[in-house]
Amino acid sequence: MPRFAANLSFLYQDLPFLERIAQAARDGFGAVEYVSPYEYDKQEIAAALKQAGIAQALFNLPAGNWAAGERGIGCLPDRVDEFRLGIDTAIDYAKALDCPTVNCLAGLAPAGSDPNHLDWTFIDNLAYAAPRLADAGIALVIEPINRRDMPTFHLSTTEHAERIMAKVTSDNLKIQYDFYHMQIMQGDLIPTFERLKNRIGHVQIADNPGRNEPGTGEINYPFIFAALDRLGYAGWVGCEYKPSAGTSQGLGWMNPYRKEN
Ligand SMILES: O=C(O)C(=O)[C@@H](O)CO
Ligand SMILES: [Mg+2]
């Protein structure tokens, strides 16, 4: 049975951040994930997780100035020092929150930049981060993001992710396979997942079009969830979608997978 994590950067937007953790637990999620914990006191988050009895599944490495539109700094040549300092911060938070996995957002390609320079910066940064995170018992993933929502994001296909991983000589680097992004970019979701299943460290879900909850678009999530079970995926399934109405009211899609069933 899939284990669902509530992505608090998308769900429960009507609640203050820390209150989202308790609500996610009340709604039956086993874990939470979100873009960034760094704006909050890590002990406050840890206490909220403990009080709610819910796990931390994932968050991102420090990803630059999110409010200003930055979406990661992994590939940016002028931000290497900042990236590398961020690894220590991410390890500090991941240890405090008992978070098993962190995602490295590649970043938006600056206008006129050389894709090869961005690629080698990304590779060198990942080669720096992966072993340090491994030493701390934390897995590292990279996520291809679709070019419709983020036209200049530096990583948008599994093929590119595979090329990057082939050049980073660490086995502590896998793919964050977001079914929504991959439906837009490539389709062929389960054959691709099956081919890469040993190189996938986390998955996320949303339907397409609209990035709303499962059952609102073209993706057959009952088929996807059965395939994840068949293929032995034991990680968290991050629910990173925009609720069509209220988060709790829109969780009917999860009913067949609740433990009490
Ligand atoms: O946009 C997505 O999809 C993501 O998973 C990133 O925002 C990383 O959190
Ligand atoms: Mg995602």
Side-chain angles (χ1 to χ4, degrees), residues 2 4-13 17 20 24 29 31-40 45 56-76 83 86 89-90 93-94 97 99-109 122 125-126 129 138-158 160-161 173-186 189 192-193 196 200-214 217 219 221 224 228 233 235-243:
F4 296 111
N7 188 299
L8 304 183
S9 300
F10 281 70
L11 307 182
Y12 306 109
Q13 293 296 302
F17 178 75
R20 298 175 193 174
F29 288 100
V32 294
E33 60 177 43
Y34 35 77
V35 169
S36 168
Y38 310 110
E39 299 75 20
Y40 302 93
I45 302 175
Q56 179 74 44
L58 173 124
F59 54 74
N60 295 316
L61 294 178
N65 186 338
W66 195 268
E70 293 187 325
R71 290 297 180 265
I73 58 175
C75 76
L76 302 179
F83 176 88
T89 306
Y93 269 78
L97 306 181
C99 183
T101 306
V102 294
N103 174 51
C104 175
L105 280 159
L108 305 177
F122 195 30
N125 277 338
L126 292 168
I138 301 158
L140 177 61
V141 293
I142 52 176
E143 180 187 31
I145 290 184
N146 85 77
R147 284 285 173 90
R148 182 171 71 205
D149 293 346
M150 289 197 202
T152 62
F153 194 76
H154 182 63
L155 179 65
S156 60
T157 65
T158 50
H160 190 185
L173 178 61
K174 294 189 176 182
I175 292 170
Q176 175 166 296
Y177 193 81
D178 186 318
F179 282 92
Y180 164 73
H181 294 313
M182 293 295 93
Q183 174 67 2
I184 293 168
M185 293 303 296
Q186 304 171 194
L189 296 174
T192 304
F193 181 92
L196 293 171
I200 290 172
H202 188 71
V203 306
Q204 294 174 319
I205 62 169
D207 220 327
N208 181 59
R211 203 171 189 176
N212 301 119
E213 50 269 77
I219 301 176
Y221 273 108
I224 297 277
L228 292 181
Y233 176 71
W236 291 104
V237 175
C239 297
E240 191 181 39
Y241 62 80
K242 297 178 287 187

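Numbers here are sequence positions counted from 1. In each ligand, atom 1 is the first atom listed, and ligand 1 is the first ligand listed.
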> Which pair of non-hydrogen atoms, one from A106 and one from L155, has the smallest distance, and what is that distance?
Replying inline: CB-CB, 4.1 Å
In ligand 1, which numbered atoms sit nearer than 4.0 Å to a non-hydrogen atom of [X]?
| X | answer |
| --- | --- |
| H181 | 1 (O), 2 (C), 3 (O) |
| N60 | 8 (C), 9 (O) |
| D178 | 3 (O) |
| Q176 | 5 (O) |

Any side-chain donor near an acceptor of the partner, [X] and [Y], under 3.5 Å:
| X | Y | answer |
| --- | --- | --- |
| R71 | N65 | no |
| Q56 | Y34 | yes |
| E33 | H202 | yes |
| D207 | N212 | no |
| T157 | Q186 | no |

> With only distance considered, is N103 within less than 3.5 Å of ligand 1 through an N or O on each side?
Replying inline: no
> For R211 and ligand 1, does the shortest N/O to N/O distance drop below 3.5 Å?
Replying inline: yes
> Quick one: does E33 get a heavy atom under 4.0 Å from ligand 1?
Replying inline: no
> Just how far is it from atom CG of L196 to atom CD1 of I175, taken to the nearest 0.5 Å?
Replying inline: 5.0 Å
> Between CH2 of W236 and CG of N7, what distance do you get to the nearest 0.5 Å?
Replying inline: 13.5 Å
> To which protein heavy atom is atom 6 (C) of ligand 1 closest, and what is the distance rounded to 0.1 Å?
Replying inline: E143 OE1, 3.5 Å
> Checking salt bridge (charged side-chain N to carboxylate O under 4.0 Å, His left out) for the pair E240/R211: CA distance, chi angles, key distance, verdict?
Replying inline: CA-CA 8 Å; E240 191 181 39; R211 203 171 189 176; 3.1 Å; yes
> Do the two ring centres, one from Y40 and one from Y38, sit under 6.0 Å apart?
Replying inline: no
> With a cut-off of 2.8 Å, which protein N/O/S atoms are close to the Mg ion (ligand 2), if we only count those under it?
Replying inline: E143 OE2, D178 OD2, Q204 OE1, E240 OE1
> Where does Q204 meet ligand 1, judged by heavy-atom distances below 4.0 Å: at the side chain, the backbone, both, or neither?
Replying inline: side chain
